[in-house]
Amino acid sequence: MPPVFVSTLLRWLLSAHQRRLHVRASLWAAAVTTLVLLGGAWLVVRAEASAPHATITSFPLGVWWSIETATTVGYGDMYPVTAWGRVIACVVMLVGIALFGIVTAALATWFVGGAARGLRELGGTLKRAEHVGREDASEEVRSLHERFDRLERLLREGGGPPAPR
């Protein structure tokens, strides 16, 4: 049976309320990263614990090493000395870099999406204004044509406007 946190997170990730792709991608990336960090910490401790000159010898130290490796901080206080420890370090580093890329992309999508919505609304407003403006101009032109036609008719019939007195 999975821990309550994991089952709650999975239920939330799979729920119908979380429809936005960038939100789901960020949450999945965070969940996978957490699993990789904890799994990497556990694996690196198993690989390093019995190695001579090992600096990662307990799970709490492994978690700290895993977090500083994934965030690319790398203080240098702890580092793997075995080949398997270094392979695990590469995986943890790549997952950390990917997480930051996904989170950055999700934030950019959120900002750009808001700007795009604003531009679509503005475009719709401009189209409506253009349509109203064309109708008004068309009506104005029609009215002027009628007046000119009436004046031309009066001039042809010889009955111009009354002469001023």
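F100 and V36 are members of different hydrophobic clusters when ILVMFWY side chains are connected at heavy-atom separations under 4.5 Å. Using a 4.5 Å cut-off between side-chain heavy atoms of Ile, Leu, Val, Met, Phe, Trp and Tyr, with links allowed through other members, L35 and V92 fall into different hydrophobic clusters. In terms of hydrophobic clustering, with Ile, Leu, Val, Met, Phe, Trp and Tyr side chains grouped at heavy-atom distances under 4.5 Å, V44 and M93 are assigned to different clusters.
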Go through R142 and H145 one step at a time and tell me if the side chain to side chain contact (heavy atoms under 4.5 Å, CB included) criterion holds. CA-CA 5 Å; R142 199 172 310 123; H145 275 292; 5.7 Å; no

CA sep, side-chain torsions, deciding dist, call: R134, E130, salt bridge (charged side-chain N to carboxylate O under 4.0 Å, His left out): CA-CA 6 Å; R134 284 181 189 238; E130 178 188 23; 2.9 Å; yes

For L61 and W65, what are the C-alpha separation, side-chain angles and deciding distance, and is it a side chain to side chain contact (heavy atoms under 4.5 Å, CB included)? CA-CA 6 Å; L61 288 175; W65 166 84; over 6 Å; no

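A distance of 11.0 Å separates CD1 of I97 from OG1 of T69, quoted to the nearest 0.5 Å. Distance NE2/H131 to CG/D136: 10.0 Å, rounded to 0.5 Å. Distance check: W42 CH2 to I88 CD1 gives 9.5 Å after rounding to the nearest 0.5 Å. To the nearest 0.5 Å, the span separating OG1 on T34 from CD1 on I67 amounts to 9.0 Å.
Nearest heavy-atom pair, A51 versus V81, reported as atom, atom and distance to 0.1 Å: CB-CG2, 3.9 Å. Closest non-hydrogen pair, L37 versus A70, comes out as CD2-CB, 3.4 Å. Smallest separation of non-hydrogen atoms from W64 and Y75: CZ2-CE1, 3.5 Å. The heavy-atom pair separating G85 from P80 by the smallest distance is C-CB, 3.5 Å. Closest of all the heavy-atom pairs between I56 and E48 is O-CB, 3.5 Å. A47 and W84 make their closest contact through CB-CB, 4.1 Å (heavy atoms, listed as atom of the first residue, atom of the second, distance).
At distances below 3.5 Å, not a single donor-acceptor pair connects side-chain atoms of T55 with backbone N or O atoms of M78. S143 contributes no side-chain N or O that, together with a main-chain N or O of E139, makes up a donor-acceptor pair within less than 3.5 Å.
When the shell of 6.0 Å around OH of Y79 is examined, it contains 12 or fewer heavy atoms from other residues, nucleotides or ligands.
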